[in-house]
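Beneath this line is the structure, given in structure tokens, with notes to follow.
Protein chains get the first letters and strands the later ones, always in sequence-line order, with residue 1 at the start of each.
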Amino acid sequence: MNTSSPESRPLRSRLKSTGEATAILPTETTSPITVIGTEAIRDTFDEGCLQQAINSRRAPGVTEVVLNPDAHLGYGAPVGCVMVSPTHVYPGPVGVDIKCSMSLLQLDLPADAIEDRKTRRALISAICQRTPTGAGRGQRSAAKSRPVNRTVGKQLVTEGASVAVCDQLGIPSEWAECCEDSFHLGHDETRDALAMRLDRLLEQRHMSNFSDKMTQLGSYGGGNHFGECEVVDVAKDDRAQRAAQTFGLQDGNVAFLSHCGSRGFGHNLASGQFKTLQDKFSQWGIPLPAQDRQLVYAPLGTPEANDYLDDMALGANFATVNHLMINALVLEAFQEVIPGTQGSLVYFISHNIARKEIVNNQPAWVHRKGATRAFPGGHHSLRGTRYAETGHPILLPGNPRDGSAVMVADEGAAQACFSVNHGAGRILGRRHAKRVLDQATIDTELDQHDVLSNCRQYPMDEAPAAYKDFEEVLRSVKMAGLASEVARLKARFVIKDSSKADD
DNA sequence: ATGTGC
């Protein structure tokens, strides 16, 4: 056997550098995959991740794939990739957690106000009372003042953050203006389609727990989801200062960053879609790439595509209201501990969703899986919004030790389908992290950085060391010309799912 | 990611 043939060489060696932080990955049968990342970052791409990127690029109807610096192995497609198709929708390259997103709440509190550890402990307690973490956790005591019954549930998954929904749930309705999308319509761009699809879903067995899932509104869930209290440090250059002003970021003040998605409801919808489409594929005898059973798809215009788009929109509406509810509850918690605190939403933006955008002058579904939309100032989609001149905020979580970042897109984002990464990206698998990392080291390190947590033991598979070097990831984004820094966020306390780590 | 899996 000829071991030097291209097919047997490691995929990583096929990456061709095109700049200090850009490369291409040829696929043999299509135009190449665009890769963003310095050489150090490109070395972090494992073979499985690159194979998934190639499979995704070669899949039917796909016209473009971008691999971001935070890319790692996913299901069906890598986490940290963008996939464009004008003709097909792909549930895998959206992900199981439909509309998993970031949001940032700016509080009018100086950093000094939370310097005292007792104050931070009180805040952690007040927030945890209102916004549960962990699988299956529904609303806790303090959130019960905003009950989510079946009727409100049906309304919020079809309307998203409408004024009526916000009013009923005690969410400031003006926050809807600071959302990438505050609501999602059905496949035919009507709300009626969603109502009809929901009625059909509610007759199905896997949706019999709908009312329970609605009570999860205002909860974080587990895994990499978190809430984190930050101090804002705006960059000194004029452009960053102007952007910060437009975004409502306050230098030196406290802010709260949240990461979560559509919880059990989104999971029900996504897993139902995988099952439905996998069954169809085996019925139709269409082969899927080995170990990529989640790279199923539906051609636009088919009933299957319509159902998927409707389900994605229902899940996305839940995730949207979930984030706004969390922010309302976090603000309420701050007001309980520090009376008179005011808060305003900076932005809410997803990194697991397909959006219909204009790509190369034609409409296409841009699937961002662990990737964040990045429209720079002047982009046609931002016309008429407060972000028209600056570009919209990009919220990039790093880790509680090294901080997170608020960025804004540059013209160069066009090379990456107007997308950037969604964070640092895993470098150690969860099992691997638990095996090689040391609990005491992690806890001591956070303590040395004066970052408090609700967890007695920080989950090892979520430790900063389980993720890529955030500075190198940011360097990649900046050097590739995708985006610039507006502010750094320095963590002061973090809320994670402690149910596994503390047992 | 997930009323989680070993």
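- Residue pairs meeting the side chain to side chain donor-acceptor pair (under 3.5 Å) criterion with at least one partner in residues 318-331 of chain A, sequence neighbours excluded, are A/K99-A/T320, A/S103-A/H323, A/S103-A/N327.
- A/E64 is linked by a salt bridge (Lys or Arg N to Asp or Glu O under 4.0 Å) to nothing, counting only residues two or more places apart in sequence or in another chain.
- Residues passing the salt bridge (Lys or Arg N to Asp or Glu O under 4.0 Å) test with A/R430 are A/D461, A/E462, sequence neighbours excluded.
- For A/T63, the side chain to side chain donor-acceptor pair (under 3.5 Å) test picks out no residue, with sequence neighbours left out.
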Check nucleotides 2-6 of chain B against the protein and report each pair of N or O atoms closer than 3.5 Å, with its distance, or say if there are none.
{"residue": "B/dT2", "atom": "OP1", "partner": "A/R263", "partner atom": "NH1", "Å": "2.6"}
{"residue": "B/dT2", "atom": "OP2", "partner": "A/G222", "partner atom": "N", "Å": "2.8"}
{"residue": "B/dG3", "atom": "OP2", "partner": "A/G136", "partner atom": "N", "Å": "3.4"}
{"residue": "B/dG3", "atom": "OP2", "partner": "A/Q216", "partner atom": "NE2", "Å": "3.1"}
{"residue": "B/dG3", "atom": "O5'", "partner": "A/G136", "partner atom": "N", "Å": "3.4"}
{"residue": "B/dG3", "atom": "N1", "partner": "A/N209", "partner atom": "ND2", "Å": "2.8"}
{"residue": "B/dG3", "atom": "N1", "partner": "A/K213", "partner atom": "NZ", "Å": "3.2"}
{"residue": "B/dG3", "atom": "N2", "partner": "A/N209", "partner atom": "ND2", "Å": "3.2"}
{"residue": "B/dG3", "atom": "N2", "partner": "A/K213", "partner atom": "NZ", "Å": "2.9"}

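- Residues that satisfy the salt bridge (Lys or Arg N to Asp or Glu O under 4.0 Å) test with A/K468, not counting sequence neighbours, are absent from this structure.
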